[in-house]
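What follows is a single structure, written as structure tokens, with notes after it.
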Amino acid sequence: MSEASSDRVEIVNIVGSGALGVEVDIAALAGDIPEAEYDPENYHGMYLRFEEHAPLVTLYRSGKYIITGADSSDRLFEMREQTLNLLQEMGIVAVDVDDGFSIQNFVCQADIGQDVNLNATAIGLGLEKTEYEPEQFPGLVYRPPEYDCVILLFGSGKVIVTGASELEIAEHAFEHLKSKVAELL
DNA sequence: TTAACGTTTTCTTATATAGCCTGATACA
DNA sequence: TGTATCAGGCTATATAAGAAAACGTTAA
């Protein structure tokens with residue numbers, strides 16, 4: 001895993017979801033696909049992983065599915081294509097299926113590049129927008145009103161941005177935080 | 001009081017972050 | 001036996017999905 005530079009965010013995980021539009025007998029399907037894993041006693045979704053460390057596809061009986069663990073949009077859509085191709089080969093879905101697939105959540109990491117006093121930062125950012133309870137969790141939770149995402153800030157200056165549906169939102173939110181922290185120094 | 005129904009919560013997966021706690025192991 | 005070190009798990013955050021359990025409410 002590469003280090004996040006001090007002026008940009010690095011994607012570490014993307015969550016996407018879609019719907020096949022047909023009901024799927026996942027118990028039968030799991031028996032026909034070597035890459036599938038299905039244990040209804042543990043969880044009712046069927047897991048599909050094409051190779052080690054590849055993103056994980058979770059397929060439900062309703063035909064809806066989610067993909068987690070991709071570190072780029074390309075990787076996510078590549079996994080979606082691979083999944084649809086497999087299901088088309090098996091006659092589960094049509095070749096031109098419209099699954100309405102979309103990205104739901106970007107998880108990114110970044111680095112401000114210097115240590116941060118989280119107590120002072122929580123006050124500076126506004127206590128109504130932040131949560132900081134070091135006894136419970138060492139990171140400061142910041143919910144910027146301008147951006148639809150949540151930022152975790154740590155004393156080391158490391159940052160996690162999550163909940164963004166677009167990469168630009170995560171990037172802008174990080175820049176916003178960075179300038180706010182700079183003002184407080 | 002019990003049954004029936006509706007609503008809410010939990011579970012699972014991925015991922016980074018960092019501090020604390022617990023258990024296991026090694027050594028004096 | 002006591003101390004030190006290490007690994008692993010938990011804490012929090014977002015998001016999708018749907019089953020199941022745990023609730024709360026209402027009526028008989």
Side-chain angles (χ1 to χ4, degrees), chain A residues 1-6 8-27 30 35-73 75-77 79-80 83 99-119 121-122 125 129-144 147-167 169-171 173-174 177 181:
Chain A
M1 185 63 73
S2 61
E3 291 285 314
S5 69
S6 61
R8 59 182 296 179
V9 300
E10 178 191 345
I11 300 168
V12 293
N13 183 28
I14 308 177
V15 181
S17 67
L20 302 174
V22 293
E23 292 237 340
V24 180
D25 184 347
I26 53 176
E35 299 91 344
E37 186 184 316
Y38 179 52
D39 180 7
E41 289 187 7
N42 182 50
Y43 192 62
H44 55 278
M46 184 194 85
Y47 299 127
L48 193 56
R49 200 193 299 269
F50 293 101
E51 55 193 78
E52 198 174 358
H53 305 305
L56 180 72
V57 180
T58 308
L59 177 62
Y60 298 92
R61 196 179 63 183
S62 63
K64 293 185 178 181
Y65 69 100
I66 60 177
I67 301 177
T68 58
D71 56 10
S72 71
S73 298
R75 191 81 175 102
L76 183 77
F77 282 93
M79 193 54 52
R80 173 215 177 205
T83 302
D99 62 352
F101 188 81
S102 62
I103 292 175
Q104 305 294 339
N105 181 23
F106 276 93
V107 183
C108 304
Q109 67 170 338
D111 194 345
I112 283 180
Q114 60 190 72
D115 289 352
V116 178
N117 181 328
L118 297 182
N119 278 311
T121 304
L125 291 173
K129 305 169 197 164
T130 59
E131 295 169 31
Y132 179 49
E133 295 180 54
E135 306 84 9
Q136 194 171 8
F137 186 67
L140 180 154
V141 180
Y142 176 46
R143 300 173 196 275
Y147 305 98
D148 193 12
C149 65
V150 174
I151 299 173
L152 308 184
L153 173 63
F154 297 88
S156 64
K158 297 277 182 65
V159 173
I160 302 292
V161 184
T162 185
S165 57
E166 294 175 26
L167 180 58
I169 294 175
E171 289 175 334
F174 172 62
L177 173 73
V181 170

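Side chains included, hydrogens not; waters and symmetry mates left out as well; all remaining heavy atoms used. All figures in this text were calculated on a predicted structure; none of them were measured in a lab. Within every chain, numbering begins at 1; the chains are lettered A, B, ... in the order of the sequence lines, protein sequences first and strands thereafter.
Set against C/dA12, C/dT15, B/dT13, the side chain of A/Q104 has C/dT15 as its closest nucleotide. Here the side chain of A/Y60 is nearest to one of C/dT13, B/dT13, C/dA17, namely C/dA17. With B/dT13, B/dA18, B/dA16 as the candidates, the nucleotide lying closest to the side chain of A/K158 is B/dA18. When distances run from any side-chain atom of A/F154 to the nucleotides C/dA16, C/dT11, B/dT17, the shortest one goes to B/dT17. Taking every side-chain heavy atom of A/P138 into account, C/dT11 is the closest of B/dA14, C/dT11, C/dA14. Residue A/R143 places its side chain closer to C/dA14 than to any other of C/dA14, C/dG18, B/dT15. If you check B/dT17, C/dG18, C/dT13 against the side chain of A/H44, the one that comes closest is C/dG18. Considering only the side chain of A/L56, B/dA14 comes nearest among C/dT13, B/dT17, B/dA14. Nearest nucleotide to the A/V12 side chain, out of B/dT15, B/dT12, B/dA14: B/dT15. Distances from the side chain of A/R61 to the nucleotides C/dA16, B/dA18, C/dA19 place C/dA19 closest.
Listed pair A/Q109 / B/dT17 meets the phosphate criterion, a side-chain N or O lying under 4.0 Å from OP1 or OP2. Contact check, A/T58 against B/dT13: no side-chain N or O comes under 4.0 Å of OP1 or OP2. Distances shown here put a side-chain N or O of A/S156 below 4.0 Å from the OP1 or OP2 atom of B/dA18.
Taking CD1 of A/I14 as the reference point, atom CG of A/L76 lies at 5.5 Å (rounded to 0.5 Å).
Within the 4.0 angstrom heavy-atom criterion, base atoms lie near A/V107. Contacts of A/S165 with the nucleic acid, taken as non-hydrogen atoms under 4.0 Å apart, are absent.
At least one side-chain heavy atom of A/I11 sits less than 4.5 Å from a side-chain heavy atom of A/F106. Residues A/Y142 and A/L153 fail the side-chain proximity criterion, which asks for heavy atoms closer than 4.5 Å. Within the 4.5 Å cutoff, no side-chain heavy atoms of A/L177 are placed close to those of A/V161.
Taking atom CE on A/M79 and atom P on B/dA14, their separation rounds to 13 Å, with Å as the unit. The distance from atom CG of A/L76 to atom P of C/dA16 is 14 Å, rounded to the nearest whole Å. In this structure, CD of A/E52 is placed 17 Å from C1' of B/dT13, rounded to the nearest angstrom. For the pair A/I14 CD1 and B/dT13 C1', the interatomic distance rounds to 15 Å; values are reported in whole Å. Between the OH atom of A/Y47 and the P atom of C/dA17 there is a distance of 15 Å, rounded to whole Å.
Classified by interplanar angle (parallel below 30°, tilted 30° to 60°, perpendicular above 60°), the ring pair A/F101/A/Y65 is parallel.
Between the side chain of A/T68 and the base of B/dA14 there is no donor-acceptor pair of N/O atoms closer than 3.5 Å.
Within a 6.0 Å sphere centred on CZ of A/R61, other residues, nucleotides and ligands contribute 12 heavy atoms or fewer.
For the pair A/E135 and A/V159, both in contact range of DNA chain B, the more 5′-proximal nearest nucleotide belongs to A/V159. Along DNA chain B, the nucleotide nearest to A/G155 and the one nearest to A/V15 differ in position, and the one closer to the 5' end is contacted by A/V15.
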